[in-house]
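Okay, structure first, notes after.
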Amino acid sequence: DTDGKYADAAGPELIQLASEAVADPKLLIPELSWLVTDEAKNGFQFGQILGQADDLKLWDSIISTWIEAGVQRSDFFVGGYLSAWYVKNVALWEQLLEFLFKNSEIRSSVLGLVWRSGMTDHIASTLLAMAQRREIDPKAFRLFVYGNVINQFPLGVIERVVDLLLEIDDANAPDAALEIIDSRLRSRPDEMGGLSTRIECALNLSVFVEAETRGHANNDMLLYRWNE
């Protein structure tokens, strides 16, 4: 803004800010502490524009600040930056995410970056493998229902995620399994054949058969959906 500080802006103003930041990173570094939080209302858009213009020179500063933000970190700005790399160089995008997944302290937060930036078969399989090793909560796949990102997953990964949710000892897991299946079939009804047995398995679990509603806010809705 006129005081020399980064402020929320849109369109041409963000493009100009990104150009200035790439040309002189010292302008951006002091502002990263709030850009990586929810304070940056146009964080995703600015991050995306910045990612389009940058050649990863700013990445180390961006991600280290994001990690240091702790519970205040947001997936908007960094997710936007990564979404640009998903388009520019998807193989490098995968490498950046895999590096972040190695850090157990931020792993759950990295799921939000994936959700906002893109999806590939390789990353989908990586997420499944982490869930199988219990490095991430299998219920976290619920996040990908939003924005229909779940439809970008290979069907085989979806089936194994659902199987995992139906196997684990977690009273809320069947809800998550049915929510994922429901979202998938709304866009891909042709996949009912491969998922129908899993729907039946989920509905036959004691949590539904015995109507044990404790901790299951979505049970009535899901039962109605599959029995209508």
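This chain uses plain numbering: 1 for the first residue, then up along the sequence.
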Residues W66, S74; criterion side chain to side chain contact (heavy atoms under 4.5 Å, CB included); working and verdict: CA-CA 8 Å; W66 182 76; S74 164; 5.7 Å; no
V157 to A124 - nearest heavy-atom pair and separation: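 Result for this residue pair: CG1-O, 3.8 Å.
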Over all atoms of both residues, closest heavy-atom pair of T126 and E98: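 Shortest heavy-atom contact: OG1-OE2, 3.8 Å.
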Aromatic contact, Y81 with W59 (centres under 6.0 Å):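 Distance test on ring centres: under 6.0 Å, yes.
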Centroid-centroid under 6.0 Å between F153 and F144 rings: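 For F153 and F144, the ring centres are under 6.0 Å apart.
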Any side-chain heavy-atom pair of [X] and [Y] under 4.5 Å:
{"X": "L32", "Y": "E68", "value": "no"}
{"X": "E200", "Y": "N204", "value": "yes"}
{"X": "L56", "Y": "W85", "value": "yes"}
{"X": "T65", "Y": "R73", "value": "no"}
{"X": "I168", "Y": "R134", "value": "yes"}
{"X": "L127", "Y": "V161", "value": "no"}
{"X": "L165", "Y": "D170", "value": "no"}
{"X": "I199", "Y": "L185", "value": "yes"}

Carboxylate-amine/guanidinium contact D190 R188, below 4.0 Å: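 Between R188 and D190 there is no salt bridge, as every charged N stays at least 4.0 Å from the carboxylate O atoms.
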R142 side chain to P138 backbone, donor-acceptor under 3.5 Å: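 Between the backbone of P138 and the side chain of R142 there is no qualifying donor-acceptor contact (under 3.5 Å).
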